[in-house]
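First up is the structure itself, then whatever we jot down about it.
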Amino acid sequence: MSVSAIVGYDGSLRASAAIDAGAALFPAAHGWITHLWTPPFANATIRRRLLARARNTDELTEMVEREGRREAERLVAMGVTLARAAGWDAEPLLKQTLGTEGMSIAKSAEELHADLVLVGSRGLGGTHAVLGSVSDMVVHYSARPVVVVPYPVLAFEHDALKGGPVVVGWDGSAGAETAIAATTHLFPDREVLPVCIDEGATTPATPLSVDGRKVLRVDSERGPALHGRGVADALVAVANAHDAAVVVVGSRGRSAIREILLGSVAMATLHRCHRPVMVVPSTWETPIGR
């Protein structure tokens, strides 16, 4: 199956690393390398140089915007070159935005009927996680599965991208069912490991197998009081033990503030895992005819 992906690209090392990881996870995919440029469209040095040349404010505005677009085109072309060199059928997608990059990327994925969104992470975890970062916003507002690639990825973690199994958080819920379905659809040739985290009496009864795959039950070391962190830590431990390529979790909704304050499993896994994490929205459905 040929996968199509919207890839957020800003020219940074983490964005380049995300393209590299995406090519290993989804060989020969089609990618829209997306760069979003925002006012004032050019850096301070360029604006100062243009100010000396402009005859009036209107001309300065036009010159700044022209230079900004040129820089944006150069950046997105770099991303396309990287993706093509990695084996993707890639094309540029350049958009102007007013500071809502995450929502714009999510909207583009729906407009283009992409299978997933791929973004890089700043690599900040725990209390240093950035609330409202582009990757967080994409996860919260995307109707498509979102793969967040941490930066940096160590050599052995990168080696696992091409053939490692996929660990899926499983609790028997509708969201977990959706996560399993998305994983099977997007990784048809990978080993899939459903993992149920046992938190004692609060853990609902779950089947011993899912779609013919045995469910691996693991105890949480943190207990129900720290549900999100406990489940995330257990999933990460299983991913490390099995040298997984990706960890997959379901998402309950799109409320950014509510989910972060509650310490949801999805957000805790994103902020604590050093391997790519795919978050599957609860509303995702298997594309017709795919």
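Hydrogens, waters and symmetry mates play no part in the numbers below; they use all other heavy atoms, side chains included. We're numbering straight along the sequence, starting at 1. The model shown is predicted, which means the values in this text are computed figures rather than measured ones.
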Does one hydrophobic cluster hold both [X] and [Y], with members joined at side-chain heavy-atom distances below 4.5 Å?
X	Y	result
Val119	Leu93	yes
Val147	Leu82	yes
Val139	Val236	no
Val3	Val166	yes

Are the side chains of [X] and [Y] in touch, meaning some heavy atoms are under 4.5 Å apart?
X	Y	answer
Arg190	Leu25	yes
Val279	Val148	no
Ser121	Leu270	no
Arg213	Thr184	yes
Val149	Leu118	yes
Pro194	Ile180	yes
His274	Asn240	no

Distance-only donor-acceptor check, side chains Ser104 and Lys95, under 3.5 Å: no
Residues that His30 engages under ring-ring contact (aromatic ring centres under 6.0 Å, His included), provided they are two or more places apart: Trp32
Partner set under ring-ring contact (aromatic ring centres under 6.0 Å, His included) for Phe26, not counting sequence neighbours: Phe187
Short side-chain to backbone donor-acceptor contact, His35 and Leu94, under 3.5 Å: no
Residues in salt bridge (Lys or Arg N to Asp or Glu O under 4.0 Å) contact with Arg144, at least two apart in sequence or another chain: none
Those residues that, when tested against Asp89, pass salt bridge (Lys or Arg N to Asp or Glu O under 4.0 Å) (two or more places apart): none
side-chain contact (heavy atoms from CB on, under 4.5 Å) between Met137 and Ile105, intermediate numbers included: CA-CA 9 Å; Met137 293 297 288; Ile105 290 174; over 6 Å; no
Linked hydrophobic residues, Leu154 as query - side chain contacts closer than 4.5 Å: Phe156
Salt bridge (Lys or Arg N to Asp or Glu O under 4.0 Å) evaluation trace for Glu71 with Arg74: CA-CA 5 Å; Glu71 178 66 7; Arg74 184 187 69 82; 2.8 Å; yes
For [X] against [Y], the heavy-atom pair lying closest together:
X	Y	value
Pro287	Asp115	CG-OD1, 4.3 Å
Ala90	Ala83	CB-CB, 3.6 Å
Ala106	Ser142	CB-CA, 3.6 Å
Pro145	Ala182	CG-CB, 4.4 Å

Within 6.0 Å of CD in Glu285, more than 12 heavy atoms from elsewhere: no
Side chain to side chain contact (heavy atoms under 4.5 Å, CB included) partners for Ala239, two or more places apart: Val167, Ala244, Val247, Arg275
Electrostatic pair Glu110-Lys107, nearest N-O below 4.0 angstrom: no
